[in-house]
Amino acid sequence: MKLSPSLAAQAAFLTSLSLSSVTASRIPLESRGSVLPRQCPDNNTVGAAYFINNEPSGNYILAASINSDGTVALSSAIYTGGVGQHGIDPPSGPVLPSPLFSQGSVVVSANASLLATVNPGSNTISLFEIDPADPTSLKMVGGPVGSNGEFPVSLTFNSGGDTLCVMNSGALNSVQCFNTTDRTRGLQPITGSFRTLGFNLTTPPMGPPGSPSQLLFSADDLSLYVAIKGNPTAGLPGVLAVWDVAPDGSLSSNGTRILTPQVGAVPFALANIPQTPGALLVVDQARGVDVVDFSAGVAKAAATNATEIAVPGQLALCWVAHSPRTGSFYITDLFTYLVTEIAVDGMTPKIVGQYLTEEFGGPTDLDVASFGGNDYMIINVSNRTELQVFSLPAQGQALKLQTLDVAGPAAAAGVTITPENIVGLVTYIKPNTTQAC
Ligand SMILES: *[C@@H]1O[C@H](CO)[C@@H](O)[C@H](O)[C@H]1NC(C)=O
Ligand SMILES: *[C@@H]1O[C@H](CO)[C@@H](O)[C@H](O)[C@H]1NC(C)=O
Ligand SMILES: *[C@@H]1O[C@H](CO)[C@@H](O)[C@H](O)[C@H]1NC(C)=O
Ligand SMILES: *[C@@H]1O[C@H](CO)[C@@H](O)[C@H](O)[C@H]1NC(C)=O
Ligand SMILES: *[C@@H]1O[C@H](CO)[C@@H](O)[C@H](O)[C@H]1NC(C)=O
Ligand SMILES: *[C@@H]1O[C@H](CO)[C@@H](O)[C@H](O)[C@H]1NC(C)=O
Ligand SMILES: *[C@@H]1O[C@H](CO)[C@@H](O)[C@H](O)[C@H]1NC(C)=O
Ligand SMILES: *[C@@H]1O[C@H](CO)[C@@H](O)[C@H](O)[C@H]1NC(C)=O
Ligand SMILES: *[C@H]1O[C@H](CO)[C@@H](O)[C@H](O)[C@H]1NC(C)=O
C-alpha cells in the first residue's frame, strides 16, 4: 500500500488548517481552463442544481436551472422550515468554508423525483417533491421531521428512492432511516433503523478532524456505509462502519467497524464504483484515494487492506462525484484548488487528469449532470461564491465552460448568503432528456 507523506505532517496540517499554508506546497500543473465555444440554438432548461445557504436565521435551498448547453443560472430559493448552523473549526483557525465537515447535506433521488436536505441547527431534515417538468420548483412533503440525533450533516437515498437515511454528527451522533412513500404525511421513521455511532462529540461538533463525514447506501441497497474522520494528532483512527439493511429497511443489530490504516486516516467522502460491483471509493483527506472491496462480504473487507493511491500535493481532498459518460471520479481539494480525475480499473485507482478551478477558488461540493450523451460537472467554488461548470466530453479531458457568480443574484433576491455557511451541490435532470448541444 502506498502512503502519502508522513502522517505527522498531515496531522499538523489538519489541526492548523491554516489558509496561509496553502501556497507553500502547491504542485505545478497545467490548467485546462479554456472556455469552450458553444453552439446551442435550442437552449432549454433540462434540469436543476441545488445547494443550501445553511443560515442560522433560516435555511433555504437555492435552485439553479441547468440549460441544455450545460450552463447554469440561479433561479429560486425555497425555505426548508429549519435553520442552518456551522460546526466548530479549530480554535486557532479561521472559520472555514466547509460548515458541516461532510458530503451529502443535500441529496436527490432521480428515481422518485425527491430532494432532501438537512437543517443542522434544528436537528431536522426536510423532504421535497421535484416537479419533473420544472425542476427548480420544489414542494415540501409533510413538514420537517426530527433527525433522531443532533446536527444532521449527511443523507442518502436507496436506489428506488423509497428510503432516506440521515447521519447526525453532534453529541447525539447516530443514524436513522425513513420511509419516503407517503407523499401526504411525509417522512415516517423506519422501525429498527436507529443506531448510535457512539463517538464523544459536541453539538455543534468540532472538526474537520474526528467528525462524521458521510453515510451512503451500497449500490445494491443491502448495506449502509458510514465514514468518520480520524484525528491524527489525538491518535484516533478513521472509521468506516457498515450495517446490513433488511428488506423491511431495518439495520442489522451488529455493525462492523473497519479501522484505519486499512481505509486511511481521515475518510471524508464515499462513492460506489459502478464498474466494479461491491467496490467502495473512499476519499481520504490525509492519504489519497482508497478502494475497499466489499464483494466478498463485510468481514473479508475488514480483513483486507484497501487499494490506495496518494494524490501528490493534496491538502484537503474532500468531495467526490462520478461521471457515467467518462466513468471517472472527480475529487475537489479545497486548498490546492484542483479537481483530480480518478479512473478505477477493477480495484485499482489511477490519476488520469488534474484541473485548476481557479487560483484561491476553494472548490468544495460538486455533482455531475448527465444528459443527452454529455456530462457536465458543477462545482461550488467556495472562496469566490461561484459555481463553475466543466464539460466532460471524455476521460482526461475536462474543459471549463462557465463561472457563475452566486452572491449577486442571491442578494438581489433577498436571500441571506454568508459564504462560509453555504454547503451542498446536487443535480437533477428531467426524465428522458435527450437534448444536448
Ligand atoms: C443558454 O441559456 C443560458 C441562460 O439563459 C445563457 O446564459 C447561455 O448563454 C445560453 N447559451 C447559449 C449558447 O445560448
Ligand atoms: C430505480 O428504482 C428501481 C426500483 O427500485 C431500480 O430497479 C432502479 O435501478 C433504480 N434506478 C436507479 C437509476 O437507481
Ligand atoms: C469526551 O470529550 C471531552 C472533551 O471534549 C472529555 O473531556 C471527556 O472526558 C470525554 N469523555 C469520554 C467518556 O471520553
Ligand atoms: C452480522 O453478523 C452476520 C452473522 O455473523 C454476518 O454475516 C454479517 O456480515 C454481519 N454484518 C455486519 C454488518 O457486520
Ligand atoms: C414504506 O411504506 C409503504 C406504505 O406504507 C410500504 O408499502 C413499504 O413497505 C414501506 N417500505 C419500507 C422499506 O418500510
Ligand atoms: C495491511 O497493511 C499493513 C500496514 O501497511 C500491513 O502491516 C499488513 O500486512 C497489511 N495486511 C494485508 C492483509 O495485506
Ligand atoms: C481566498 O481569496 C483571497 C483573495 O483572493 C486569498 O487571499 C485567500 O488566500 C483565499 N483563501 C483560500 C482558502 O483560498
Ligand atoms: C420516460 O421514458 C420511459 C421509458 O422509455 C417511460 O416509461 C416514461 O413514461 C417516460 N417519462 C416521461 C416523463 O416522459
Ligand atoms: C460554496 O460553499 C461554500 C461553503 O462551503 C461557500 O463559501 C461558497 O460561497 C459556496 N459557493 C456557492 C456558489 O454556493
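Positions are given from 1, in the same order as the sequence printed here.
At a threshold of 4.5 Å between non-hydrogen side-chain atoms, the residues L138 and I130 count as touching. In this structure, the side chains of P324 and D375 come closer than 4.5 Å at one or more pairs of heavy atoms. When side chains are defined from C-beta on, P212 counts as touching M167, because their heavy atoms get closer than 4.5 Å. For the pair I379 and F390, the minimum side-chain heavy-atom distance is below 4.5 Å. Residues E308 and V291 are not in side-chain contact: their nearest non-hydrogen atoms beyond the backbone lie 4.5 Å or more apart. Counting only heavy atoms from C-beta outward, the side chains of S213 and P267 never approach each other to under 4.5 Å. Between F51 and L62 there is a side-chain heavy-atom pair separated by less than 4.5 Å. Considering only heavy atoms from C-beta on, F128 stays 4.5 Å or farther from L114 through its side chain.
A side-chain N or O of E341 and one of Y355 form a donor-acceptor pair less than 3.5 Å apart. Judged by distance alone, the side chains of T80 and N119 do bring a donor and an acceptor atom under 3.5 Å apart. There is a side-chain donor-acceptor pair under 3.5 Å between S159 and D221. Side-chain atoms of S147 and N168 form a donor-acceptor pair, as typed in the model, at a separation below 3.5 Å. When only modelled atom types and interatomic distance are considered, T326 and Q395 share no side-chain donor-acceptor pair under 3.5 Å. A donor and an acceptor atom, one from each side chain of S193 and Q176, are located under 3.5 Å apart. Using modelled atom types, one finds a donor on one side chain and an acceptor on the other under 3.5 Å when comparing T71 with N67. A donor and an acceptor atom, one from each side chain of D134 and T136, are located under 3.5 Å apart. A donor-acceptor contact under 3.5 angstrom links the side chains of Q388 and E358, judged on distance only.
Judged by distance alone, the side chain of N54 and the main-chain N or O of V423 form no donor-acceptor pair under 3.5 Å. In this structure a side-chain-to-backbone donor-acceptor pair under 3.5 Å is present from Q314 to D284. The closest donor-acceptor contact from the side chain of Q214 to the backbone of L270 lies under 3.5 Å. Side chain of S218 to main chain of S223: a donor-acceptor pair is present (N/O by atom type, distance under 3.5 Å, no hydrogens or angles). Formation of a donor-acceptor pair under 3.5 Å by the N380 side chain with backbone atoms of T364 is not found in this model. With hydrogens and angles ignored, the 3.5 Å screen pairs no side-chain donor or acceptor of T357 with any backbone N or O of P363. No donor-acceptor pair closer than 3.5 Å links the side chain of T45 to the backbone N or O of G47. A donor-acceptor contact shorter than 3.5 Å links the side chain of S252 to the backbone of D244. K400 places no side-chain N or O within donor-acceptor distance of the main-chain N or O of V389, the cut-off being under 3.5 Å.
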> Which is it for T233 and N231 under the side chain to side chain donor-acceptor pair (under 3.5 Å) test, yes or no, and what are the steps along the way?
Replying inline: CA-CA 6 Å; T233 36; N231 187 342; 2.9 Å; yes
>> Would L187 and L164 count as a side chain to side chain contact (heavy atoms under 4.5 Å, CB included) here? Give the steps.
In response: CA-CA 8 Å; L187 294 166; L164 173 73; 3.9 Å; yes
>> Determine whether T156 and V107 satisfy the following criterion, side chain to side chain contact (heavy atoms under 4.5 Å, CB included), listing intermediate values before the conclusion.
In response: CA-CA 7 Å; T156 183; V107 292; 5.8 Å; no
>> Determine whether V292 and V282 satisfy the following criterion, side chain to side chain contact (heavy atoms under 4.5 Å, CB included), listing intermediate values before the conclusion.
In response: CA-CA 8 Å; V292 187; V282 182; 3.9 Å; yes
> Hey, mind stepping through T124 and V145 against side chain to side chain contact (heavy atoms under 4.5 Å, CB included) and telling me if it holds?
Replying inline: CA-CA 5 Å; T124 61; V145 302; over 6 Å; no
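From L366, atom CG reaches atom OG1 of T427 across 10.0 Å, with rounding to the nearest 0.5 Å. Atoms CG and OG, on N158 and S109 in that order, are 7.5 Å from each other to the nearest 0.5 Å. Atom CD1 of I52 and atom CG of N59 lie 4.5 Å apart (nearest 0.5 Å). Here CG of L172 is found 11.0 Å from OG of S169. Values are rounded to the nearest 0.5 Å. Here L201 contributes atom CG and N173 contributes atom CG; the two are 4.5 Å apart, rounded to the nearest 0.5 Å. Here OG of S174 is found 13.5 Å from CZ of F151. Values are rounded to the nearest 0.5 Å.
Across all non-hydrogen atoms, the minimal contact from S57 to V83 is C-CG1, 4.4 Å. G362 and S382 get closest at one heavy-atom pair: O-OG, 2.6 Å. Closest heavy-atom contact between S391 and L401: N-CB, 4.3 Å. Residue L317 comes nearest to V283 through the heavy atom pair O-CG1, 3.5 Å, listed as atom of the first residue, atom of the second, then distance. The shortest non-hydrogen separation linking H322 to F329 is CD2-CZ, 3.5 Å. When all heavy atoms of N179 and I190 are compared, the pair lying nearest together is N-CG1, 3.6 Å.
Taking the ring centre of F268 as origin, the terminal cationic atom of K229 falls inside the region bounded by 6.0 Å and 45° from the ring axis.
In this structure, F101 and H86 have perpendicular ring planes: the angle between them is above 60°, well past the 30° mark.
Each salt bridge (charged side-chain N to carboxylate O under 4.0 Å, His left out) pair with one or both residues in residues 175-189, not counting sequence neighbours, appears once here: E129-R183, D182-R185.
Ring centers of Y428 and Y50: at least 6.0 Å apart, outside the cut-off. If you look at Y225 and F217, their ring centroids are not closer than 6.0 Å.
Under the side chain to side chain contact (heavy atoms under 4.5 Å, CB included) criterion, L222 pairs with D220, not counting sequence neighbours.
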